[in-house]
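Inspection log for the structure reproduced underneath, given as structure tokens.
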Number of protein chains: 2
Amino acid sequence: MDDIDLKILEMLRKNARESLANIGKSVELSAPAIGKRVKQLEEKGIILGYSLKLNHEKLGIRTKAYIILKIHQSSTLKTAYNQIAHLTEVQRCDRITGDDCLCILAFFKDNKELITFLERISQYGVPNTSILLES
Amino acid sequence: MDDIDLKILEMLRKNARESLANIGKSVELSAPAIGKRVKQLEEKGIILGYSLKLNHEKLGIRTKAYIILKIHQSSTLKTAYNQIAHLTEVQRCDRITGDDCLCILAFFKDNKELITFLERISQYGVPNTSILLES
DNA sequence: ATTTTTAAATCGATGTCGTCCATTTGTAAT
DNA sequence: ATTACAAATGGACGACATCGATTTAAAAAT
């Protein structure tokens, strides 16, 4: 990891489909050199993958919510986490300090979907929901 | 927006550097056809860009925190939002329901950086911090 | 100080990829 | 049936990614 690697990451963060040739021009290195560096960044696990920035509203998302889930004594945090983190609506799921809590960020088409979601996760704990108004 | 577009988005979400030719094979369409569809998805603003999934820990991030910022009466939510959302440490910044609050997700190299950040945003409101333990 | 070793870059070659244009196909409307 | 329009195909061409061989450069060892 040197300054050139950082520059590569910065450029790919801005546009993950940027060509290696173009990146090469910016850092004054040949395309194969960039290719090898990127491959190494992947192998080291620094680059985990390449993804999309989407306009969720245009895909029908009308409700986004943070849900703090206070886990029941009867349930374990780990199982709750594993079950919830992979649900399609969930964008982030983090264990946080304080009481045994999960902080869940999830996107929904409508409020009905949100309610269904809340009912589903209620088996693991008590949800406290905040709707996102502006992002 | 049809099923093919959805499939394209799904494939690019998994790997934004996937070649148009490969996507074409999956949906049984030619590469130029995929190229045009992707371009349209960009022009419609559905695809906002292509980005990186990074392992932040391997880049020196040791502290991640959610910070609920209860905005002062003296400060306006809008100015606070605009100032804070663009700080380098900030990953997400959302206005949420309830009191005049911002929910900030931010990453830090160490706790010292977190403290500096909290001091900086204290001019806009009262921060309430939860550290992320597991993601 | 010289040699050896290693990592990393360049160069040239090759196959793949993305994009352009002209043409074709398919669908909906009159 | 004719027209009109949107979208896909196919071929061509320039750009791109990747491979192997070679060169360069810096660090390690003698």
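So that the names make sense, note that chain A is the first sequence line, chain B the second, and so on, each numbered from 1. Please read all numbers here as calculations on a predicted model, not as lab measurements.
Nucleotide dC16(D) holds its C1' atom 8 Å from the CG atom of L20(A), rounded to whole Å. Whole-Å rounding puts the I8(A) CD1 to dA17(D) P distance at 12 Å. Atom C1' of nucleotide dG14(D) and atom CG of N22(A) are separated by 14 Å, given to the nearest angstrom. We find that CD of E18(A) is positioned 14 Å from C1' of dA17(D), with the value rounded to whole Å. One atom, CZ of R37(A), and another, P of dT10(C), lie 10 Å apart when rounded to the nearest Å. One can place CD1 of I23(B) at 12 Å from C1' of dG18(C), the figure rounded to the nearest angstrom. D5(B) has its CG atom 14 Å from the C1' atom of dA8(D), to the nearest Å. What separates CG of L29(A) from C1' of dT10(C) is a distance of 10 Å, to the nearest Å.
Side chain of D110(B) to backbone of E113(B): a donor-acceptor contact under 3.5 angstrom is found. Counting only distance, with no hydrogens or angles, the side chain of D2(B) and the backbone of I4(B) share a donor-acceptor pair below 3.5 Å.
Comparing K36(A) and A21(B), the nucleotide of DNA chain C nearest to each residue sits closer to the 5' end for K36(A). Projected onto DNA chain C by closest heavy-atom contact, R17(A) and P32(A) fall at different nucleotides, the more 5' of which corresponds to P32(A).
Within residues 43-53 of chain A, no residue has any heavy atom closer than 4.0 Å to DNA chain C.
Residue K44(B) places its NZ atom among more than 12 non-hydrogen atoms of other residues, nucleotides or ligands, all under 6.0 Å distant. Residue-environment remark: NZ (K14(A)) stays at or below the threshold of 12 foreign heavy atoms within 6.0 Å.
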List the atom pairs, with distances to 0.1 Å, where a side-chain N or O of residues 122-135 of chain B and a protein N or O form a donor-acceptor pair under 3.5 Å, not counting sequence neighbours.
unit_1, atom_1, unit_2, atom_2, d
S122(B), OG, L118(B), O, 2.6
Q123(B), NE2, R120(B), O, 2.9
S135(B), OG, D94(A), OD1, 2.7

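Closest to the side chain of Q40(B), out of dT18(D), dA7(D), dT10(C), is dA7(D). Minimum atom distance to the side chain of A31(B) is reached by dT19(C), of the listed dT19(C), dA8(C), dT10(C).
A salt bridge links K64(B) with E57(B): the distance from a Lys NZ or Arg NE/NH1/NH2 to an Asp or Glu carboxylate oxygen falls below 4.0 Å.
Here S19(A) lies in heavy-atom contact (under 4.0 Å) with sugar-phosphate atoms only.
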